[in-house]
Trainee: 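I have a structure I would like to understand better, so I am pasting it below and will then ask my questions one at a time.
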Amino acid sequence: MSSFFTDLAQQYIDGEWRPGKGSWDIIDFNPYSGEKLASVTVATADEVDQAYRAAERAQPGWADTNPYARRAVLEKALRVVEEREAEIGEAIVAELGGTRLKAGFELHLAKEFLREAVQLTLRSTGQILPSPTEGKENRVYRLPVGVVGVISPFNFPFLLSLKSVAPALALGNAVVLKPHQNTPVCGGTLIAKVFEEAGLPAGLLNVVVTDIAEIGDALLEHPVPQVISFTGSDRIGRHVATVCAANLKRAVLELGGNSALIVLDDADVDYAVDAAVFSRYVHQGQVCMAANRILVDRAVEQEFTEKLVAKVASLRVGDPADPATHIGPLISSSQADAVSKLVDETVEAGATALLHGRADGNVVSPSVLTGLAADSPVLQQEIFGPVALLVPFDGEDEAVRIANDTPYGLSGAVHTGNIERGVRVGQQIRTGMIHINDGTVHDEPLVPFGGEKNSGLGRLNGESMLEAFTTQKWISVQHGRSEFPF
C-alpha cells in the first residue's frame with residue numbers, strides 16, 4: 001500500500017505527474033496508526049495558474065467533442081474504478097481511517113454517481129422558444145461553463161471529488177481539483193489516475209495538492225474558472241462565497257449541518273434506535289448529514305434512551321482495517337482533541353453523559369449526552385465526531401421548533417407510525433433534505449442534494465448538475481426582416 005501512496009504523491013498538471021515547487025511538504029498520515037503514507041511538496045500559486053491555463057487550453061476541444069465520445073471516457077473511468085475497487089477501498093481505510101463498511105459505502109456511491117455522469121453526457125439539450133416578433137426564432141443553447149474549480153473535503157474524499165469532477169467533465173468542462181490536505185490521494189491524485197487510465201485528454205483534469213498558507217485565494221480569484229464547487233465547513237464556505245461574489249463567479253457550496261432525527265410518540269422505537277445510531281456514528285460522525293441532535297418525544301423517551309445507549313455501548317471501537325470495527329479514528333489529533341474537549345466542557349456545564357467517550361490516540365469512543373440546557377452552545381454547532389445529543393420534546397410542534405432552532409439546514413429525519421404525519425412535520429423543517437422513517441445520511445445520483453441557511457448554496461445531482469456546470473446562450477434568428485424605428 002505504501003508504494004500506492006508514494007506513486008500518487010505528486011501534482012498532476014496538463015497530463016504530467018510532477019513534484020510541486022513549494023518550499024514545504026504536506027505529510028499524508030494514516031490517522032489510526034500514525035504511519036507516514038507519503039509526502040507531497042505543495043503546489044505554488046504559479047502552478048495553480050499553470051493548471052488553470054492548461055484547462056483553459058484543453059476545454060474548447062473537449063466541448064466540441066461528440067458527447068458520445070465523452071461518454072466513452074466516462075464509461076472507461078467507471079470500469080477502472082470497478083477493476084481497482086479493492087485497492088481503492090484499502091486506500092480509503094488507510095488514508096482517512098474509514099472502516100471497511102464505510103469504504104464499501106463510499107465506493108458504492110462513487111460508482112452510482114459515475115453511472116449517472118455517463119448518462120449526463122447526452123442530457124445537455126437546448127430549446128427553441130417562440131417570439132412575439134414576426135419571423136424570429138429563438139434558440140437557447142446549453143453550453144459548458146468552461147473551467148470548474150473543485151475543492152473537496154476529507155470525510156468522503158473519493159466520492160465527493162468525483163461527484164463534481166465527473167459531471168463537470170461529462171458536460172464538456174475542464175476541471176482543476178484541490179483535495180483536502182489530509183486526503184491528497186483519495187480526494188485528488190487517485191481521481192486523476194482513474195481518468196488518465198480512462199483516456200481523458202491531457203489538461204482536462206488537473207490536480208493541485210496545496211494549502212491556503214501557500215497559495216492564498218489564488219484558486220478562487222483566478223480569472224479562468226467560472227464556477228467553484230466547494231464542499232466543506234460553513235466557515236470556509238462563507239469565505240469562498242465572498243471571494244466568488246467579488247469576482248462574479250458562480251459558487252456551488254455544500255456545507256455543514258446540524259441535522260435533527262425526530263422520534264415521534266408513535267414511532268417504531270427499535271427501528272428508530274437503529275436509524276439514529278447509524279445516522280450519528282457512521283464514519284465516526286464525520287458526516288455533514290449526521291444526526292447531531294436526536295429529538296425524542298417524552299412519551300417514548302425512557303425506552304428509546306435505554307435502547308440507544310445499549311446499542312451505542314456495543315459498537316466496536318478501534319482499527320478501521322478490522323471488518324468488525326464500527327468506530328475508527330478521527331482524521332487528526334486536533335480533531336480528536338477538539339471533540340474530547342467539547343464533550344468535557346458540555347458535561348461540566350451541566351449535561352449528563354450517559355456514555356462519556358474518551359480519546360485513545362485519534363480514536364474517540366462514542367458519547368451520548370442528555371440534560372442539555374435549551375441555550376447550550378453545543379446544540380447550535382456541527383459536531384464532527386461520535387457524539388449524540390438527546391433532546392426530549394412534548395408534541396410535534398415543539399419538535400419542529402427545536403429542529404429549526406439552528407443556523408443549519410441540511411438533512412433530517414422523522415420517525416412515526418403515520419407516514420403522512422411524518423411528511424407534514426418534515427415540510428415544516430427548514431432543511432434541504434428530510435427522510436421519513438429512515439436515517440439522515442443519504443445521497444442519490446438523481447435527487448437534488450443541498451442545504452438551506454448556513455448549509456450551502458445551490459444543488460448537485462441529477463438535473464441540478466446541468467444548472468451547476470452549464471450556462472445558457474440565446475441565439476435569435478430573424479428569418480424575415482425586422483422593422484426598426486430609425
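Numbers here simply count residues along the sequence, with the first being 1. Everything quoted here is computed from the prediction, not taken from an experiment.
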Trainee: Salt bridge check, Asp14 against Arg57: does any charged N sit closer than 4.0 Å to a carboxylate O?
Mentor: yes
Trainee: Find out whether Arg293 and Leu295 are in side-chain contact, i.e. whether some heavy atom of one side chain is under 4.5 Å from a heavy atom of the other.
Mentor: yes
Trainee: If every non-hydrogen atom of Ser367 is compared with every non-hydrogen atom of His356, which pair is closest and at what distance?
Mentor: OG-C, 3.7 Å
Trainee: Main chain of Gly385, side chain of Gln284: is a donor-acceptor contact present, judged purely on distance under 3.5 Å?
Mentor: no
Trainee: Mind checking whether Tyr12 and Trp17 have parallel, tilted or perpendicular rings, split at 30° and 60°?
Mentor: tilted
Trainee: Would a distance-only check, ignoring hydrogens and angles, find a side-chain to backbone donor-acceptor pair under 3.5 Å from His283 to Gly285?
Mentor: no
Trainee: Quick one, Thr44 with Glu47, criterion side-chain hydrogen bond (donor to acceptor under 3.5 Å, both in side chains). Give me CA distance, side-chain angles, the key distance, then yes/no.
Mentor: CA-CA 5 Å; Thr44 62; Glu47 287 168 294; 3.2 Å; yes
Trainee: If we only count heavy atoms from C-beta on, is the Asn258 to Gln381 side-chain gap below 4.5 Å?
Mentor: no
Trainee: Just wondering, more than 12 heavy atoms not from Arg238 lying within 6.0 Å of its CZ?
Mentor: no
Trainee: How long is the span from the CD atom in Gln226 to the CG atom in Asn173, to the nearest 0.5 Å?
Mentor: 10.0 Å
Trainee: Kindly compute the distance separating CD1 (Ile434) from CD1 (Ile429), expressed to the nearest 0.5 Å.
Mentor: 3.5 Å
Trainee: Do you know which two heavy atoms are closest between Gly237 and Leu255, and how far apart they sit?
Mentor: CA-CD2, 3.8 Å
Trainee: Mark yes or no for whether His326, through its side chain, and Arg316, through its backbone, hold a donor-acceptor pair below 3.5 Å.
Mentor: yes
Trainee: Taking all atoms of both residues into account, what is the closest heavy-atom pair of Ser455 and Tyr408, and its distance?
Mentor: OG-CB, 3.5 Å
Trainee: Could you go through the side-chain hydrogen bond (donor to acceptor under 3.5 Å, both in side chains) check for Asn461 and Asp443 one step at a time?
Mentor: CA-CA 9 Å; Asn461 303 359; Asp443 197 358; 2.8 Å; yes
Trainee: What do the steps show when you test Gln181 against Asp211 for side-chain hydrogen bond (donor to acceptor under 3.5 Å, both in side chains), and what is the final call?
Mentor: CA-CA 7 Å; Gln181 302 88 297; Asp211 186 274; 2.4 Å; yes
Trainee: Would you please say whether a donor-acceptor pair under 3.5 Å links the side chains of Thr41 and Asp25?
Mentor: yes
Trainee: So, the side chain of Ser152 versus the backbone of Pro157: is there a donor-acceptor pair under 3.5 Å, distance only?
Mentor: no
Trainee: Check step by step if side chain to side chain contact (heavy atoms under 4.5 Å, CB included) holds for Val378 and Leu389.
Mentor: CA-CA 9 Å; Val378 77; Leu389 309 176; 4.0 Å; yes
Trainee: I'd like to know whether Val312 forms a side chain to side chain contact (heavy atoms under 4.5 Å, CB included) with Arg280, so could you lay out the CA-CA distance, the side-chain angles of the two residues, the decisive distance to 0.1 Å, and finally the verdict.
Mentor: CA-CA 10 Å; Val312 174; Arg280 176 60 270 187; over 6 Å; no
Trainee: Is the shortest side-chain heavy-atom distance between Val209 and Val42 below 4.5 Å?
Mentor: no
Trainee: Given Leu457 and Val252, is the side chain to side chain contact (heavy atoms under 4.5 Å, CB included) satisfied, shown in steps?
Mentor: CA-CA 6 Å; Leu457 290 172; Val252 180; over 6 Å; no
Trainee: Working to the nearest 0.5 Å, report the span between NZ of Lys111 and CG of Leu162.
Mentor: 12.5 Å
Trainee: I need the Glu444 CD to Met433 CE distance, nearest 0.5 Å.
Mentor: 11.0 Å
Trainee: Could you check Val296 against Val391 for side chain to side chain contact (heavy atoms under 4.5 Å, CB included), going step by step and ending with a plain yes or no?
Mentor: CA-CA 6 Å; Val296 188; Val391 181; over 6 Å; no
Trainee: Assess the side chains of Ser229 and Ser164: does a donor N or O sit below 3.5 Å from an acceptor N or O?
Mentor: yes
Trainee: Check whether any side-chain N or O of Arg115 sits under 3.5 Å from a backbone N or O of Leu78 as a donor-acceptor pair, and report yes or no.
Mentor: no
Trainee: Enter the distance from Leu96:CG to Asn155:CG here, rounded to the nearest 0.5 Å.
Mentor: 8.5 Å
Trainee: My understanding is that only one of Arg142, Arg250, Gln472 makes a side-chain hydrogen bond (donor to acceptor under 3.5 Å, both in side chains) with Glu467; could you say which?
Mentor: Arg142
Trainee: What closest approach, in Å, do Leu372 and Ala351 show between heavy atoms, and which atom pair accounts for it?
Mentor: CD2-CB, 3.9 Å
Trainee: Counting distance only, does the side-chain N/O of Thr440 pair as donor-acceptor with the main-chain N or O of Gly412 below 3.5 Å?
Mentor: no
Trainee: Could you measure the distance from the CD atom of Glu95 to the CZ atom of Phe29? Nearest 0.5 Å is fine.
Mentor: 12.0 Å
Trainee: Does this structure show an ion pair linking Lys341 with Asp337, if we count only N-O contacts that are shorter than 4.0 Å?
Mentor: no
Trainee: Check whether any side-chain N or O of Asn206 sits under 3.5 Å from a backbone N or O of Val176 as a donor-acceptor pair, and report yes or no.
Mentor: no
Trainee: Below 4.5 Å, heavy atoms only, C-beta onward: do Phe158 and Leu160 meet side chain to side chain?
Mentor: no
Trainee: Under 3.5 Å, side chain of Arg70 to main-chain N/O of Ala170, donor-acceptor pair present?
Mentor: yes
Trainee: Of the non-hydrogen atoms in Val240 and Ile228, which two are nearest, and what is the gap between them?
Mentor: CG1-CG2, 4.0 Å
Trainee: Val208 versus Leu177: any side-chain heavy-atom pair under 4.5 Å?
Mentor: no
Trainee: Is any side-chain heavy atom of Glu82 less than 4.5 Å from a side-chain heavy atom of Leu114?
Mentor: no
Trainee: Mind checking whether Phe469 and Leu169 have side chains closer than 4.5 Å, heavy atoms only?
Mentor: no
Trainee: Does Glu221 form a salt bridge (charged side-chain N to carboxylate O under 4.0 Å, His left out) with Lys249? I'd like the steps, not just the answer.
Mentor: CA-CA 9 Å; Glu221 292 176 337; Lys249 297 179 190 295; over 6 Å; no
Trainee: Do Lys163 and Phe449 meet the cation-pi criteria used here (NZ or CZ under 6.0 Å from the six-membered ring centre, within 45° of the axis)?
Mentor: yes
Trainee: Under 30°, 30 to 60°, or over 60°: which ring-plane class applies to Phe154 and His180, parallel, tilted or perpendicular?
Mentor: perpendicular
Trainee: Looking at Phe156, I'd like to know if the NZ or CZ of Lys102 sits under 6.0 Å from its six-membered ring centre while staying within 45 degrees of the ring's axis.
Mentor: yes
Trainee: Quick one: does His415's side chain have a donor or acceptor within less than 3.5 Å of a partner on Asp438's backbone?
Mentor: yes
Trainee: Which heavy atom in Ala359 sits nearest to a heavy atom in Val364, and how many Å separate them?
Mentor: CB-CG2, 4.1 Å
Trainee: Should the heavy atoms of other residues, nucleotides or ligands under 6.0 Å from CG of Asp46 be counted, would the total exceed 12?
Mentor: yes
Trainee: Would you mind reporting whether Val81 and Val194 have side-chain heavy atoms less than 4.5 Å apart?
Mentor: yes
Trainee: With distance as the sole test, does Asn182 use its side chain to make a donor-acceptor pair with the main-chain N or O of Pro153 at under 3.5 Å?
Mentor: no
Trainee: Output, in order, the C-alpha distance, side-chain angles, deciding distance and verdict of salt bridge (charged side-chain N to carboxylate O under 4.0 Å, His left out) for Arg100 and Asp322.
Mentor: CA-CA 7 Å; Arg100 296 206 175 276; Asp322 182 344; over 6 Å; no
